[in-house]
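Accompanying notes for the structure given below.
What you are looking at is a predicted structure, and each value in this text was computed from that prediction instead of being measured. Computation of the quantities below employed the complete heavy-atom set of this structure, encompassing side-chain atoms and omitting hydrogens, waters and symmetry-equivalent molecules.
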Amino acid sequence: MIPFTPAAGGAVHEPARDLPVESEYDVVVVGGGPAGVGAAITAARHGASVLLVEQWSCLGGLATLGLVNIPIDFVSAVGREMFAALEAVDGIWHRNTDPEKHKLILDRMVRGAQVDLLFHTRVVESLVKDSAICGVVVENISGRQAILAKRVVDCSGDGDAAAYAGCEWVSGRESDGLNQGVSTEFRLGGVDFPRYQAWVGSDPKWLQTIQKALEAGDLPYEVDNHLNWLTHVPGRPQNCGMDEVSICLAHSRNCNTLSARDLTRIALEGREQVDFLWAFIRKYIPGFENSWLIDTGPLLGVRDSRRILGEYVMTARDLATLRKQDDVVACSTHGYDVHNPDGVGNIKWAEMEIEGETRYVICHATGFGSTLMPPDGAPLSDCHGRPEGEAEFEGGGFYDIPYRCLVPLKVENLLVAGRCLSADFMAQSGCRLIMVCLDMGQAAGTAAALSLQQQVAPRQLPVADLQRTLVASGMYIGQDKHAIPALQH
């Protein structure tokens with residue numbers, strides 16, 4: 001009970017109190033999405049006592065609760081184990097997963113690594129002594145408690161523990177602070193998938209159909225100008241008129257993903273959009289005539305919020321040039337992928353200066369499929385300024401994510417992984433997908449455990465030791481494509 005004592009400025013005074021220490025661990029991992037799963041499993045496998053704190057009732061984050069059932073990017077190490085476990089329960093088909101089976105698989109993987117779990121729990125503060133994090137404060141049905149830790153790995157997506165610890169951070173697009181469009185994913189059942197596939201051919205069919213429905217008044221406004229993705233859910237009746245699909249089409253714009261008020265607005269808006277988008281799809285898209293709405297994702301499709309400033313900030317140019325880094329700990333093939341903050345369309349290009357001229361640069365050929373083009377009809381180009389028809393891209397190209405992006409400035413014994421890594425707005429839009437987040441988590445969890453073994457701060461951990469350990473565990477860091485100093489001996 002807090003005695004109601006009004007304070008100056010309309011505030012309410014909260015008396016100081018002593019918090020009980022709920023537990024103590026070598027490593028506390030904040031957030032149970034793909035990054036947190038990777039961090040917790042690997043830290044535990046390297047001998048650390050680990051607690052994984054998650055505010056929801058399951059693991060997987062957007063891959064499960066968000067219905068984003070397309071784990072894209074490199075598959076290695078823990079990711080390969082996850083895929084194999086999903087295959088064993090008919091939970092994956094190509095790159096499409098079953099969110100419900102995925103929850104159970106992640107439960108088994110984390111518990112199998114002897115990681116302790118704490119669901120229904122939110123980190124609300126960080127404990128810091130002499131510029132080093134030494135634990136977190138949590139709130140749940142048991143009350144407000146402290147959990148002590150020798151290392152903290154922030155995989156919360158929003159960078160909560162890092163921000164509470166005093167780390168510097170930025171959020172949103174540099175020009176106006178707006179975050180990427182936020183999705184509400186949804187699933188439809190009763191789909192005649194072969195009929196749909198025979199019709200769709202390519203994405204322009206959706207562009208044309210959306211415009212037709214707008215003109216007819218069957219859509220109240222343009223939620224988006226294209227279909228973002230549609231995936232088949234495995235382990236269901238298939239090719240018999242009863243398929244189940246996940247759809248990314250509903251979007252909210254002009255978002256502030258660090259505002260609870262705005263997240264509430266987005267959730268309400270998303271469900272309303274799904275209601276009329278489902279009616280539109282049933283009427284206009286072949287194969288969906290007898291479909292029904294199964295559910296909407298309980299977790300909003302937030303793509304960016306805080307980006308914690310680290311020893312290195314990844315840039316848009318790093319992605320376009322497929323930059324390789326000596327302290328690489330993860331790789332990604334994914335190019336710019338901004339869901340327009342203030343209008344329809346996806347932005348797959350970044351504005352940058354090349355030889356004194358402004359160019360609109362893409363990372364690979366798929367960037368020519370951007371559904372929001374540069375201003376004034378300016379052409380897209382590769383990182384050398386060459387336009388379509390002359391542009392050249394490295395086949396199978398990828399860029400490196402360096403360890404320094406996971407090491408925050410100023411605060412010791414803290415690492416971050418996942419979409420809150422140190423990057424600019426455009427760079428983060430590329431390296432935020434499920435599998436690269438899992439790999440970043442694996443790198444951070446390994447680093448946390450190794451730093452404890454060597455009795456050094458994670459900032460002082462020899463990156464060579466980390467890289468050799470990651471490769472020995474089956475992690476892909478581009479070792480067959482470029483020279484990594486630590487692996488040359």
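Side-chain atoms of Asn413 do not come within 3.5 Å of backbone N or O of Ala132 as any donor-acceptor pair. Asp176 places a side-chain N or O within donor-acceptor distance of the main-chain N or O of Leu178, the cut-off being under 3.5 Å. In this structure, the side chain of Ser126 engages the main chain of Ala161 through a donor-acceptor pair within 3.5 Å. Panel note: side chain Lys410, backbone Gly166; no donor-acceptor pair is recorded below 3.5 Å. The backbone N or O of Leu372 lies less than 3.5 Å from a partner atom in the side chain of Trp349, making a donor-acceptor pair. Formation of a donor-acceptor pair under 3.5 Å by the Asp160 side chain with backbone atoms of Ser156 is not found in this model. Within the 3.5 Å criterion, the main-chain N or O of Met373 finds no donor-acceptor partner in the side chain of Ser370. Distance alone, capped at 3.5 Å, is enough to place a donor-acceptor pair between the Glu54 side chain and the Trp56 backbone. With hydrogens and angles ignored, the 3.5 Å screen pairs no side-chain donor or acceptor of Gln238 with any backbone N or O of Pro234. A donor-acceptor pair is defined here as one N or O able to donate and one able to accept, closer than 3.5 Å; such a pair exists between the side chain of Thr371 and the backbone of Asn346.
Residue Lys324 places its NZ atom among more than 12 non-hydrogen atoms of other residues, nucleotides or ligands, all under 6.0 Å distant. Counting heavy atoms of neighbouring residues, nucleotides and ligands inside a 6.0 Å radius, atom CD of Gln455 does not exceed 12 of them. Applying the 6.0 Å contact sphere to CD of Gln453 captures more than 12 heavy atoms from other residues, nucleotides or ligands.
Residues passing the salt bridge (charged side-chain N to carboxylate O under 4.0 Å, His left out) test with Asp337, sequence neighbours excluded: Lys348, Arg432. When the ring pair (Phe, Tyr, Trp, His ring centres under 6.0 Å) test is applied to Tyr336, no partner is found at least two apart in sequence or on another chain.
Using modelled atom types and a 3.5 Å distance limit, the side chains of Thr446 and Arg45 yield no donor-acceptor pair. A donor-acceptor contact closer than 3.5 angstrom is absent between the side chains of Gln180 and Arg303. Side chain to side chain, Arg306 and Thr257 fail the donor-acceptor criterion of an N or O pair below 3.5 Å. Side-chain N/O atoms of Asp304 and Asn179 include a donor and acceptor closer than 3.5 Å. Remark: the Ser332 side chain and the His334 side chain contain no N/O donor-acceptor pair separated by less than 3.5 Å. Asp26 and Ser49 form a side-chain donor-acceptor contact under 3.5 Å, judged by distance and modelled atom types alone. A side-chain N or O of Ser473 and one of Gln442 form a donor-acceptor pair less than 3.5 Å apart. There is no side-chain donor-acceptor pair under 3.5 Å between Asn340 and His251. The closest side-chain donor-acceptor pair between Thr358 and Glu353 falls under 3.5 angstrom. Side-chain contact of Ser422 with Arg404: a donor-acceptor pair under 3.5 Å is absent, judged by distance alone.
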Determine whether His364 and Asp382 satisfy the following criterion, side-chain hydrogen bond (donor to acceptor under 3.5 Å, both in side chains), listing intermediate values before the conclusion. CA-CA 7 Å; His364 38 59; Asp382 64 14; over 6 Å; no

Checking Asp326 against Tyr403 for the side-chain hydrogen bond (donor to acceptor under 3.5 Å, both in side chains) test, could you report, in this order, the C-alpha distance in whole Å, the side-chain angles of both residues, the deciding distance, and whether it holds? CA-CA 9 Å; Asp326 286 349; Tyr403 180 55; over 6 Å; no

Where do Ile362 and Phe368 land on the side chain to side chain contact (heavy atoms under 4.5 Å, CB included) test, with the steps shown first? CA-CA 7 Å; Ile362 58 177; Phe368 289 120; 3.6 Å; yes

Worked check of side chain to side chain contact (heavy atoms under 4.5 Å, CB included) between Thr469 and Leu450: CA-CA 9 Å; Thr469 303; Leu450 291 182; 3.6 Å; yes

Should Arg111 and Leu117 be marked as a side chain to side chain contact (heavy atoms under 4.5 Å, CB included) after you check the CA-CA gap, both sets of side-chain angles, and the distance that decides it? CA-CA 8 Å; Arg111 295 173 69 194; Leu117 278 165; 4.2 Å; yes

Test side chain to side chain contact (heavy atoms under 4.5 Å, CB included) applied to Cys255 and Asp262, step by step: CA-CA 7 Å; Cys255 298; Asp262 206 36; 4.1 Å; yes

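Salt bridge present: Arg253 and Asp224 bring a charged side-chain N and a carboxylate O closer than 4.0 Å. For Glu412 and Arg459, the salt-bridge test passes: some basic side-chain N is under 4.0 Å from an acidic carboxylate O. In this structure, Arg307 does not pair ionically with Asp424, as no charged nitrogen and carboxylate oxygen lie closer than 4.0 Å.
Shown here for Gly430 and Tyr399, the closest heavy-atom pair between the two residues is C-OH, 3.4 Å. In terms of heavy atoms, Ala443 sits closest to Leu406 at CB-CD1, 4.2 Å. Taking every heavy atom of both residues into account, Pro71 and Arg95 meet most closely at O-NH1, 2.6 Å. Across every non-hydrogen atom of Cys331 and Asp400, the tightest pair is SG-OD1, 3.7 Å. The two residues Ser171 and Trp169 make their nearest non-hydrogen contact at CB-CZ3, 3.9 Å.
A 4.5 Å side-chain heavy-atom check between Val152 and Tyr25 finds every atom pair outside the cut-off. At least one side-chain heavy atom of Met440 sits under 4.5 Å from a side-chain heavy atom of Ile401. Within the 4.5 Å cutoff, no side-chain heavy atoms of Val27 are placed close to those of Lys150. In this structure, Arg323 and Arg317 have side chains that are not in contact, with every pair of non-hydrogen atoms separated by 4.5 Å or more. Side-chain contact check for Phe393 versus Cys383: every heavy-atom pair is 4.5 Å or farther apart. Contact of the Gln428 side chain with the Arg419 side chain is registered, since non-hydrogen atoms from C-beta on lie closer than 4.5 Å. Counting heavy atoms from C-beta outward, Leu67 and Arg187 have side chains that approach closer than 4.5 Å. When side chains are defined from C-beta on, Val191 does not count as touching Met242, because their heavy atoms never get closer than 4.5 Å.
For the side chain to side chain contact (heavy atoms under 4.5 Å, CB included) with Pro408, the lone residue among Asp154, Ile133, Val416 that qualifies is Val416.
For the atom pair Leu59 CG and Lys103 NZ, the distance stands at 10.5 Å (nearest 0.5 Å). Ile308 contributes atom CD1, which lies 12.0 Å from atom CG of Leu415 (distance to the nearest 0.5 angstrom). Between Leu409 atom CG and Leu414 atom CG the span is 11.0 Å, to the nearest 0.5 Å. Annotation: the span from Ile41 atom CD1 to His46 atom NE2 amounts to 12.5 Å, rounded to 0.5 Å. Atom CD in Gln479 sits 6.5 Å away from atom CG in Leu487 (nearest 0.5 Å). Note that CD of Glu394 and SG of Cys363 are 12.5 Å apart. Values are rounded to the nearest 0.5 Å.
Applying the ring pair (Phe, Tyr, Trp, His ring centres under 6.0 Å) definition to pairs two or more places apart or across chains, those involving residues 58-108 are Phe74-Phe398, Phe74-Tyr476, Trp93-His232.
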